[in-house]
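Only a predicted model underlies this, so the values are computations on that prediction, with no experimental measurement involved.
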Amino acid sequence: MEINILKNEKNDLELSINNQTVAELIRVYLNNDDKVKLGVWKKEHYSKPIKLKIISNGKSAKKALQDAITKVNKDLDKYKEEFKKAK
């Protein structure tokens, strides 16, 4: 997976990411954070990478992204353990 930072300001972060599933997962978690004003992605053309945009208020956009990824990992670990128990 390739990720590139297109814009990196305190409350405004824009990334280029080539995985739509990951972009959507992060978007959902970002929008559950009350410090995030905007967490969206768009794909201009199927052959181009997705642009993920984060605008925050109260913490940096980079911190909001880090928090979202941490929560995703925590939930995935929880689901992994639940699946192991179901075997």
Side-chain angles (χ1 to χ4, degrees):
M1 182 170 55
E2 187 174 324
I3 299 173
N4 295 308
I5 297 174
L6 304 174
K7 183 177 183 181
N8 186 7
E9 296 176 5
K10 182 178 179 182
N11 295 327
D12 191 354
L13 182 65
E14 192 170 326
L15 308 169
S16 170
I17 183 169
N18 65 353
N19 188 312
Q20 184 172 340
T21 303
V22 172
E24 176 62 12
L25 185 61
I26 292 171
R27 182 199 67 80
V28 169
Y29 278 78
L30 283 168
N31 287 306
N32 287 328
D33 186 340
D34 62 344
K35 303 287 187 201
V36 173
K37 291 172 63 174
L38 180 69
V40 296
W41 63 264
K42 72 176 181 176
K43 189 165 189 158
E44 294 175 3
H45 190 267
Y46 73 91
S47 65
K48 296 190 177 187
I50 290 169
K51 290 184 181 176
L52 177 66
K53 181 152 181 91
I54 304 163
I55 298 176
S56 64
N57 188 17
K59 66 177 165 184
S60 73
K62 191 173 184 180
K63 175 69 173 143
L65 177 61
Q66 290 171 337
D67 291 349
I69 292 170
T70 299
K71 289 176 185 175
V72 167
N73 283 327
K74 183 178 176 183
D75 284 350
L76 289 174
D77 287 341
K78 183 177 86 175
Y79 299 144
K80 180 179 172 182
E81 290 304 316
E82 290 298 321
F83 281 123
K84 283 182 183 178
K85 290 179 188 176
K87 286 184 180 182

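Residue K59 places its NZ atom among more than 12 non-hydrogen atoms of other residues, nucleotides or ligands, all under 6.0 Å distant. Around the NZ atom of K10, the shell of radius 6.0 Å holds no more than 12 heavy atoms that belong to other residues, nucleotides or ligands. Within a 6.0 Å sphere centred on NZ of K35, other residues, nucleotides and ligands contribute 12 heavy atoms or fewer.
Within the 4.5 Å cutoff, the side chain of M1 has heavy atoms near those of the I3 side chain. Here the side chains of D75 and Y29 are in contact, with some heavy-atom distance below 4.5 Å. Put simply, the side chain of N32 reaches to within 4.5 Å of the side chain of V28, judged on heavy atoms.
Here the CD1 atom belonging to I17 is positioned 11.5 Å from the CD1 atom belonging to I5, to the nearest 0.5 angstrom. Between the CG atom in L13 and the CG atom in L38 there is a gap of 11.5 Å [rounded to 0.5 Å]. Within the model, atoms CG of L6 and NZ of K53 stand 9.5 Å from one another, a figure rounded to the nearest 0.5 Å. To the nearest 0.5 Å, the span separating CD1 on I55 from CG on L30 amounts to 11.5 Å. The distance from atom OG1 of T21 to atom CG of L25, rounded to the nearest 0.5 Å, is 8.5 Å. Distance CG/L52 to CD/E14: 8.5 Å, rounded to 0.5 Å.
Hydrophobic clustering places L65 together with I50 (ILVMFWY residues linked when any side-chain heavy atoms are closer than 4.5 Å, directly or through intermediates).
With sequence neighbours excluded, the residues satisfying salt bridge (Lys or Arg N to Asp or Glu O under 4.0 Å) with K63 are D67.
By the 4.0 Å N-to-carboxylate-O rule, E81 lies too far from K78 to be salt-bridged with it.
Without hydrogens or angle criteria, N18 side chain to E2 main chain gives a donor-acceptor distance under 3.5 Å. A donor-acceptor pair is defined here as one N or O able to donate and one able to accept, closer than 3.5 Å; such a pair exists between the side chain of N31 and the backbone of G39.
Residues A61 and S56 share a closest heavy-atom pair of N-OG, 3.1 Å.
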